[in-house]
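Numbering of ligands and ligand atoms starts at 1, following listing order. Computed from a predicted model, the values in this text were never measured in an experiment.
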Amino acid sequence: MTAVKLVKHPLAQDALARLRNRETDVPQFRALISQLAIYLAITSTEELRMQTVEIETPVTKAEMSVAAEEIVLVPILRAGLGMVEGMLTILTRATVGHLGLYRDHETLQPIEYYANTPGNLEERMVIVLDPMLATGGSASAALTRLKERGAKRLLLASIIAAPEGIERLERDHPDVQVVTISIDQKLNERGYIVPGLGDAGDRMFGTL
Ligand SMILES: O=P(O)(O)OC[C@H]1O[C@H](OP(=O)(O)OP(=O)(O)O)[C@H](O)[C@@H]1O
Ligand SMILES: O=c1cc[nH]c(=O)[nH]1
Ligand SMILES: [Mg+2]
């Protein structure tokens, strides 16, 4: 079963409420997405593999834990791009791949138009970024593409998830952990998350 981790920090919930508000303008929307991505970066890497090394401080030598796993971030274009900067605030050494997908407005099926990912995905923690998990079609297609390219240890970091999207990933990718800040009520008849925040890409890039 897909494991879902919820970010419950009060300041993340406060930022998400402001993100959802229809009065929030484009610069504020971008800043809030970046802030929320920092919380997702911290929670997504709680199980990062570590190793013990000897460090010499100005005072003495000591055994310390350091990260033993490289991280690849893969934003789903367009809206996932807004999460990269916040993620890199914490994950400063991560490499970044890109997957271009949009959801056909009629069929809601994902259409892929770009894929560029770093090599050696087998050995790395791969975190897919998309603020919205709605039907789950886009996330599922992205995860399938990354597995075809060798990824084995995958997470999906989203800001808002619909129950329908989580169920879809439980079916298609039970090995992938979902990290999110809110599980909303449902999808509406046009496939938008309720209460959601509208179209994340349009609000981020001002294309409404
Ligand atoms: O779970 P799903 O039903 O597939 O919907 C979620 C997808 O829809 C949005 O992208 P959109 O198609 O609007 O593309 P955009 O980011 O370019 O605006 C969102 O950013 C996800 O990628
Ligand atoms: O509510 C939704 C659903 C899909 N994509 C969005 O940007 N918002
Ligand atoms: Mg969009």
Side-chain angles (χ1 to χ4, degrees), residues 2 4 15-26 28-37 40 44 73-87 96-117 126-147 151 154-174 176-208:
T2 304
V4 181
L16 178 55
R18 288 183 282 136
L19 187 76
R20 291 179 190 274
N21 192 328
R22 64 184 308 155
E23 304 296 330
T24 296
D25 65 14
V26 171
Q28 289 172 315
F29 192 90
R30 290 176 184 154
L32 288 164
I33 291 266
S34 276
Q35 282 174 30
L36 289 167
L40 288 168
S44 299
L73 304 176
V74 182
I76 300 181
L77 312 183
R78 291 175 299 166
L81 279 178
M83 298 167 69
V84 173
E85 189 190 329
M87 282 265 165
V96 184
H98 294 85
L99 286 181
L101 292 171
Y102 69 90
R103 196 170 74 147
D104 181 276
H105 283 295
E106 297 297 322
T107 65
L108 302 184
Q109 293 308 306
I111 318 283
E112 184 181 302
Y113 58 89
Y114 188 69
N116 186 337
T117 51
V126 179
I127 309 177
V128 177
L129 313 180
D130 195 325
M132 309 304 278
L133 177 65
T135 65
S138 304
S140 182
L143 292 165
T144 300
R145 171 67 70 241
L146 291 165
K147 285 179 181 176
L154 281 149
L155 294 92
L156 174 80
S158 78
I159 291 175
I160 299 178
E164 293 88 337
I166 293 172
E167 277 167 33
R168 171 80 187 261
L169 294 190
E170 277 171 358
R171 277 203 311 277
D172 296 357
H173 298 285
V176 174
Q177 178 165 76
V178 176
V179 183
T180 190
I181 302 173
S182 175
I183 300 175
D184 273 14
Q185 291 165 18
K186 60 175 184 178
L187 297 178
N188 70 14
E189 60 292 342
R190 291 174 52 225
Y192 278 87
I193 301 177
V194 181
L197 50 72
D199 190 302
D202 284 342
R203 292 193 64 184
M204 188 181 300
F205 295 109
T207 49
L208 278 170

>> One pair to check against side-chain contact (heavy atoms from CB on, under 4.5 Å): L19 and T24. What are the steps and the verdict?
In response: CA-CA 7 Å; L19 187 76; T24 296; 5.6 Å; no

>> Between Q28 and D25 (side chain of the first, backbone of the second, donor and acceptor by atom type, cut-off under 3.5 Å), is there such a pair?
In response: yes

>> Within 2.8 Å of the Mg ion (ligand 3), is there any N, O or S atom belonging to D199?
In response: yes

>> Test your reading of the model: is there a side-chain donor-acceptor pair from D184 to the backbone of K186, 3.5 Å cut-off?
In response: no

> Taking C-beta and beyond as the side chain, do L40 and M83 meet within less than 4.5 Å on heavy atoms?
Replying inline: yes

> Counting from 1, what ligand 2 atoms have a heavy atom of A134 closer than 4.0 Å?
Replying inline: 3 (C), 4 (C)

> Hey, which atoms in ligand 2 end up nearer than 4.0 Å to a heavy atom of G198?
Replying inline: 1 (O), 2 (C), 6 (C), 7 (O), 8 (N)

> Do the charged groups of R168 and D172 touch, with an N to O distance under 4.0 Å?
Replying inline: yes

Under 3.5 Å, N/O to N/O: give me all the pairs between ligand 1 and the protein, one per line with atom names and distance.
unit_1: ligand 1; atom_1: 1 (O); unit_2: A134; atom_2: N; d: 2.9
unit_1: ligand 1; atom_1: 1 (O); unit_2: T135; atom_2: N; d: 3.1
unit_1: ligand 1; atom_1: 1 (O); unit_2: G136; atom_2: N; d: 2.8
unit_1: ligand 1; atom_1: 3 (O); unit_2: R103; atom_2: NH1; d: 2.7
unit_1: ligand 1; atom_1: 3 (O); unit_2: T135; atom_2: N; d: 2.9
unit_1: ligand 1; atom_1: 3 (O); unit_2: T135; atom_2: OG1; d: 2.5
unit_1: ligand 1; atom_1: 4 (O); unit_2: S138; atom_2: N; d: 2.9
unit_1: ligand 1; atom_1: 4 (O); unit_2: S138; atom_2: OG; d: 2.6
unit_1: ligand 1; atom_1: 12 (O); unit_2: R103; atom_2: N; d: 2.7
unit_1: ligand 1; atom_1: 16 (O); unit_2: R78; atom_2: N; d: 3.1
unit_1: ligand 1; atom_1: 16 (O); unit_2: A79; atom_2: N; d: 3.1
unit_1: ligand 1; atom_1: 17 (O); unit_2: R78; atom_2: N; d: 3.3
unit_1: ligand 1; atom_1: 17 (O); unit_2: R78; atom_2: NE; d: 2.9
unit_1: ligand 1; atom_1: 18 (O); unit_2: R78; atom_2: NE; d: 3.4
unit_1: ligand 1; atom_1: 18 (O); unit_2: R78; atom_2: NH2; d: 2.8
unit_1: ligand 1; atom_1: 20 (O); unit_2: D130; atom_2: OD1; d: 2.9
unit_1: ligand 1; atom_1: 22 (O); unit_2: D130; atom_2: OD2; d: 2.4

> Can you tell me how far CG of L187 sits from CD of E164, rounded to the nearest 0.5 angstrom?
Replying inline: 3.5 Å

> With a 4.0 Å cut-off on heavy atoms, does G196 reach ligand 2?
Replying inline: no

>> Regarding T144 and H173, do their side chains bring together a donor and an acceptor under 3.5 Å, going by distance alone?
In response: yes

> Is it true that the NZ or CZ of R78 lies under 6.0 Å from the centre of Y114's six-membered ring and within 45 degrees of the ring axis?
Replying inline: no

> What protein heavy atom is closest to atom 1 (O) of ligand 2, reported as residue, atom name and distance in Å?
Replying inline: I193 N, 2.8 Å

>> Using a 4.0 Å cut-off to any heavy atom of G191, which atoms of ligand 2 qualify?
In response: 3 (C)

>> Run V178 and L155 through side-chain contact (heavy atoms from CB on, under 4.5 Å) and show every step you take.
In response: CA-CA 6 Å; V178 176; L155 294 92; over 6 Å; no

> Going by the order shown, which atoms of ligand 2 are within less than 4.0 Å of some heavy atom of R103?
Replying inline: 3 (C), 4 (C)

> Rounded to the nearest 0.5 Å, how far apart are CD1 of I159 and CD of Q35?
Replying inline: 10.5 Å

> Among protein heavy atoms, which lies nearest atom 5 (N) of ligand 2, and at what distance?
Replying inline: M132 CB, 4.0 Å

> P131 near ligand 2, heavy-atom distance under 4.0 Å?
Replying inline: no

Under 3.5 Å donor-acceptor pairs involving side-chain atoms of residues 126-137, not counting sequence neighbours:
unit_1: D130; atom_1: OD1; unit_2: M132; atom_2: N; d: 3.1
unit_1: T135; atom_1: OG1; unit_2: G137; atom_2: N; d: 3.1

> Short list, please: which atoms of ligand 2 are under 4.0 Å from a heavy atom of A200?
Replying inline: 6 (C), 7 (O)

